[in-house]
Every structure is written in structure tokens, then in C-alpha cells.
Amino acid sequence: MQITKRYLTFLVIAVTCGRLIIACNGSQGQVELQEAISEAPQPQASKAGNETFSAQQDIAEDTGGESYDSITENNFQAAANQPLSTFAIDVDTAAYTNVRRFLNNGQLPPTDAVRIEELINYFAYEYPQPTGKDPFSITTEVSTAPWQPKHKLVRIGLQGKQIATEELPPSNLVFLLDVSGSMNDANKLPLLKSGFRLLVNELSEKDRVSLVVYAGAAGLVLPPTPGNQKEKILAAIESLEAGGSTAGGQGIELAYQVAEENFLAEGNNRVILATDGDFNVGISSDSELVKLIEKKREAGVFLTVLGFGTGNLQDSKMEKLADKGNGNYAYIDNILEAKKVLVTEIGGTLHTIAKDVKIQVEFNPAQVQAYRLIGYENRLLQNRDFDDDTKDAGELGAGHSVTALYEVIPVGVKSEVNLPAVNESSASQFPANSEELLQVRLRYKQPDASTSQLIVNSLVDKEVPLSATSNDFRFAAAVAAYGMILRDSEYKGEANLAQVLELANESKGVDLQGYRGEFISLVKSSQSLASKLP
């Protein structure tokens, strides 16, 4: 049997990545790391840095009953033909932890499980806090693309305003928990319960918590209860047991009903859905659920979706529901990830500071021959949607950051990639002889507003070498390159594991919580096995 380059690149990563367990002491910034080495069979040895691998046996991409939306990578666009690029922001991080779960279990992540923007946005970056009236700051940076030295890499970063937990507005939270039979595994309902215990400990008397469960039918287990009555809330969570089919549609309807009946006009109203994603009783089609959730978001009740478990994860459905519900989607594979999502990042998880956030980048055809947005394939918008306030887009939570990367081919560069023919020349808004590489426009609405506000920033390429860029720029580039290797992207150029490791190591920075160190360990494990192959 002939084994392809792409297949074997994935194989080496899959069978060697040990599980990296991080125990954080946030107050002292200390991190304890422990690697649990995978028990996957070790292949025979090989050449370092060579990513055309050979192996003794196949490992199938067995995803069981899991589902992922197909992703067609963004192509290069000629700036003279299409100077505008428009997309909605995405603060989801589920793809990173889901990919980590596949690799730690000795399986290949399905190609469509690798959403590169979610890998990049899993990590925090040192963007400045906003100082003006807008609830976030905008940072831009440009240098050489590590995987294509003739090309440029542009980074656009948004940083949401940090809000201390005690200063967050009161919350009306409805926990919507899946207790169907499929949730009986240790990494499903037991982990879910442990994670929600952590969240409950962060609540105060100004908050209200309700608990709705669904299995064969949906039911209200805990009526609205003040957040300081922790024993009562924790007892309700502890009493949950898994069993029955999955009436997810009924559960969502009841959860929204409870949220609306206890609506806080000056607070945060949110349903937090925790499930492996399988809805098979009642309202179950994506279109029906989306219509319901879109209707409720207009009433001011938002939706956060937390995914759990293996073998039944309905990733495509869960991402879609969170997107349409003005919320975020995270995948929780261990208790430390639960702490990250539900404690460390609680402000961003629960409190939206800007909604319908859209980015439109206009490239200067006098400076840019072609460009490509890395990731965000399922967040693309029509250019006309940018000024249309009726079009839904992404939400930004307190303290959240968002990073987008563009690969740019400067004018005059003879590139090795296939480029579209220039068949028209759009009227450029850039002045003649302008040195601007691009202009970034951003629209957002206040959480309770229906009219957007506009921010405009420009970027000039000052020819900064890659070695002189910020740690954040190089680390984001390393993660993007790793994602392209995982997807076997036709645009990965010279990207390889050794390059990713070098970039990530030199840009790790202080890394108090250990997340960058974890990424480096995953890459290092992959490189270590590659060095033993023939």
C-alpha cells in the first residue's frame, strides 16, 4: 500500500504526542507540567526534519459518530481584482483542544477539525488595553512570512477590555446540561459536573443560576437561585445522572423560557449548553435550532456552547449554534481546560462587550499583488455585508483577544504559488504613491445597540525583519504554520516541524500559565519521533 506524504505527516504527530497536563497556580504564576507518554506503538526510526515519513501500519481517521463541516481553504486573491476582504471575528477555541484530544488519544485529527484561526486564538497575546471610548484596541504588524520568505505576513489583533470579576454586571445564567445516555463516559458528565462546580464558585449573590437538563425529556432541576447559595446549586449538579435519549431541542426551548422569565435588563442573560452535541429527539435539525436561537438572541439572551467527550461530538452543529446565539464555542477535554474557560476567562465566556464585530481589509494594489486570509473560512462575509447592520457577525467578550493573519505577496515578487489572473482594475481609494499596505476597517455594536460604529486603521510596511518582530507575531506565525502542516495545506510552503519549534521556542515569552509551553511540547514530541524514521 502506498502511503501519502500528508497521511504520514499526520501519523507521526498522532502516535507520539503525549498528554500534557498543566496545573496552574494563577496567583503566583507558577506552572507544573507533567507529561503522560502515549502508549501508541513506536515506528522504526528515521531522519530528523524529514516530513515525508514511512510507517509500519495504518491508523485510520476514525471519528465514529462525530461530524465536522467541510473546510475549503481560502485562496490567494489578486488585489487589483478584489481589493476588499471581509469576515466576522471568531473567538472560538474548540478546534485547538479537540485536535489536542485526537493526538493525545493516538488518532489523526480529521482535516476539517483543524480550524487554523481557532488554534491561533486559543492563546493570549499582549495586545494593549483600550484607552478610548471603544471597548477594544486594534494592533497591526507586518514582516516576512516564515514559510514563504518572499511573502509578507500581516497580523491584525483585537483586545477586549478587561473587566474584574467583581465588576461584571449581574448574570442570569441557565445551565442547560445534557444527561442523556451518551454522556455517561468519564470525560463527559463527570467532567461536566466538575467544571460547573468551578464556575459556581465564581458567582456572587447578585447572580442567578437555573439548571435545566435533558435526556428523554427536558426538565427544570433547579429554579432561579442566588449565586451565593452555593451548597444548593452544587447539590443539584451533584445529583445528575446520565440515561435516556437526547431531547436537545426540548431542552433548549425550556432553557430559553427560563432565561426570559428571569431576564435582567441591566445584566448578562445567557444559556450555557454543555453536551457532546447529539440531539435526536424533538427539534433536532440544524435549521430549526438555528431559527430558535436567532430569535432568542434578538431578545437579549445569548448562548455559550461547551463540548465534551469522544466519539459522538457534533462539532459542526455546536459551532453553528454558538455562532448564531451570539456566544462562543469551547471544547473541554480535561478539568484544567474547564478552569481556563469557566474561571480564568470567565469574563469573556459570560459577558459580551461588543457584538456583530466585522473586519474589512482593503489592500493597496500599488503595494500588494495578492493576499490570502489564513483561516476564518466559515466566517467570510460578502463585502456589501460590512455596512449592513442587519447582518449577524461575531461577538467579543470581556478580556478576549482575536487575531487574524494575512499572507501577502508584494508587487513585483515572482511567487511560486498559483495566482489568479488580473482581469480588471478596481478603482483604488488609496492616494497615488501611497505607502500604505492596507487599511483595516472594523464595525461593531454595543451589546444592546442595533447601529454599528466604525473604526479605521492603516498599516505601512516598514520592512521589519522577522527576528525583530514581537513575540506574539512569531508565536502566532508558528501556530499558523503548524495548522497548515496538520491540514497539509497547499500553501504551507517551507513550513516544517523544526521551523515551527524554533519559532515557538524563541517567542514563548514569560508564559505564566504554560499554554505556549504545552504547544511546544506537542511540536517537540512530533519532531522527536520524526528524527527516528528512516
Side-chain angles (χ1 to χ4, degrees), residues 66-71 74 87-102 109-110 112-125 136 156-160 195 270-277 286 289-290 293 297 302-308 313-333 337-338 340-342 344-359 373-381 392-405 444 476 479-480 483 486-487 515 519:
E66 299 186 6
S67 69
Y68 300 90
D69 278 341
S70 176
I71 296 174
N74 293 325
F87 65 99
I89 67 162
D90 181 10
V91 298
D92 294 347
T93 59
Y96 180 85
T97 47
N98 192 29
V99 165
R100 181 177 67 193
R101 181 258 302 189
F102 269 102
D112 291 327
V114 184
R115 295 186 289 274
I116 295 178
E117 74 278 8
E118 295 187 25
L119 271 60
I120 296 169
N121 285 324
Y122 181 81
F123 301 94
Y125 300 98
F136 48 82
I156 301 170
L158 308 183
Q159 176 61 58
R270 186 174 297 263
V271 172
I272 303 178
L273 167 61
T275 178
D276 61 3
D286 287 6
L289 287 168
V290 164
I293 288 167
R297 89 174 173 224
F302 293 174
L303 175 69
T304 288
V305 180
L306 306 178
F308 291 82
L313 186 71
Q314 304 301 298
D315 178 85
S316 56
K317 180 175 294 187
M318 296 164 72
E319 183 196 20
K320 190 175 299 181
L321 297 184
D323 179 27
K324 299 301 182 182
N326 279 9
N328 55 304
Y329 167 39
Y331 175 79
I332 295 178
D333 57 344
E337 187 65 24
K340 177 179 185 288
V341 173
L342 298 173
T344 307
E345 300 174 356
I346 187 172
T349 302
L350 299 182
H351 181 56
T352 298
I353 58 173
K355 68 178 183 180
D356 293 337
V357 183
K358 309 170 189 174
I359 295 177
L373 176 61
I374 300 174
Y376 291 93
E377 285 86 359
N378 59 1
R379 303 286 177 160
L380 299 180
L381 297 172
D392 182 53
E395 279 61 49
L396 190 68
H400 269 165
S401 65
V402 177
T403 299
L405 300 178
Y444 76 95
V479 178
L486 287 178
R487 290 190 56 82
Y515 300 133
F519 174 78

Got a donor-acceptor contact below 3.5 angstrom from the D112 side chain to the I71 backbone? yes
Inter-residue atom distance H400.NE2 - T349.OG1, 0.5 Å rounding: 5.0 Å
Using every non-hydrogen atom in the two residues, find where V357 and L158 come nearest and quote the distance to one decimal. CG1-CD1, 4.2 Å
Are the side chain of N326 and the backbone of E395 linked by a donor-acceptor contact shorter than 3.5 Å? no
Distance-minimising heavy-atom pair for G483 and V114: O-CG1, 3.9 Å
Is the shortest heavy-atom distance from the side chain of L342 to the side chain of L306 under 4.5 Å? yes
Could you walk me through whether L313 and Y331 pass side-chain contact (heavy atoms from CB on, under 4.5 Å), step by step? CA-CA 10 Å; L313 186 71; Y331 175 79; 3.9 Å; yes
So, for S401 and Q159, which heavy atoms are closest and what is the spacing to 0.1 Å? CB-OE1, 3.4 Å
Looking at every heavy atom in both A480 and I120, which two are closest together, and how far apart are they? CB-CD1, 3.9 Å
Here the pair of heavy atoms bringing A88 nearest to G394 is CB-N, 3.7 Å
Plane angle bin for F136 and Y444 - parallel if under 30°, tilted between 30 and 60°, otherwise perpendicular: perpendicular
Kindly write out the residues that satisfy side-chain hydrogen bond (donor to acceptor under 3.5 Å, both in side chains) with Y125, not counting sequence neighbours, or none if the list is empty. none
Applying side-chain hydrogen bond (donor to acceptor under 3.5 Å, both in side chains), name anything that partners N98, two or more places apart in sequence or on another chain. Y68, R101
If we ignore hydrogens and angles and just use 3.5 Å, is the side chain of N74 paired with the main-chain N or O of I374 as donor and acceptor? no
Hey, does E117 have a side-chain heavy atom less than 4.5 Å from the side chain of N378? yes
Donor-acceptor contact present, side-chain T97 to main-chain D333, <3.5 Å: no
Residues two or more places apart in sequence or in another chain: which of them pass side-chain hydrogen bond (donor to acceptor under 3.5 Å, both in side chains) with Y329? D315
Would you say V91 and N121 make side-chain contact, with heavy atoms under 4.5 Å? no
Interatomic distance, OH@Y96 vs CG@L119, rounded to 0.5 Å, equals 7.5 Å
With heavy-atom distances below 4.5 Å as the criterion, would you say the side chains of R297 and D392 are in contact? yes
Using side-chain heavy atoms (C-beta onward) and a distance below 4.5 Å, is F302 in contact with R270? yes
Any non-hydrogen side-chain atom of K355 less than 4.5 Å from a side-chain atom of L396? no
Should the ring pair F123 and F519 be called parallel, tilted or perpendicular, given that the plane angle runs from 0 to 90° and is split at 30 and 60? perpendicular
N328 pairs by side-chain hydrogen bond (donor to acceptor under 3.5 Å, both in side chains) with which of T304, D323, D92, T352? T304
Quick one: CZ on R115 to CG on D69, what's the gap to the nearest 0.5 Å? 8.0 Å
Can you name the closest pair of heavy atoms from E66 and Q314 and give their distance? CA-NE2, 4.1 Å
Salt-bridged, E337 to R100, with N to O below 4.0 Å? yes
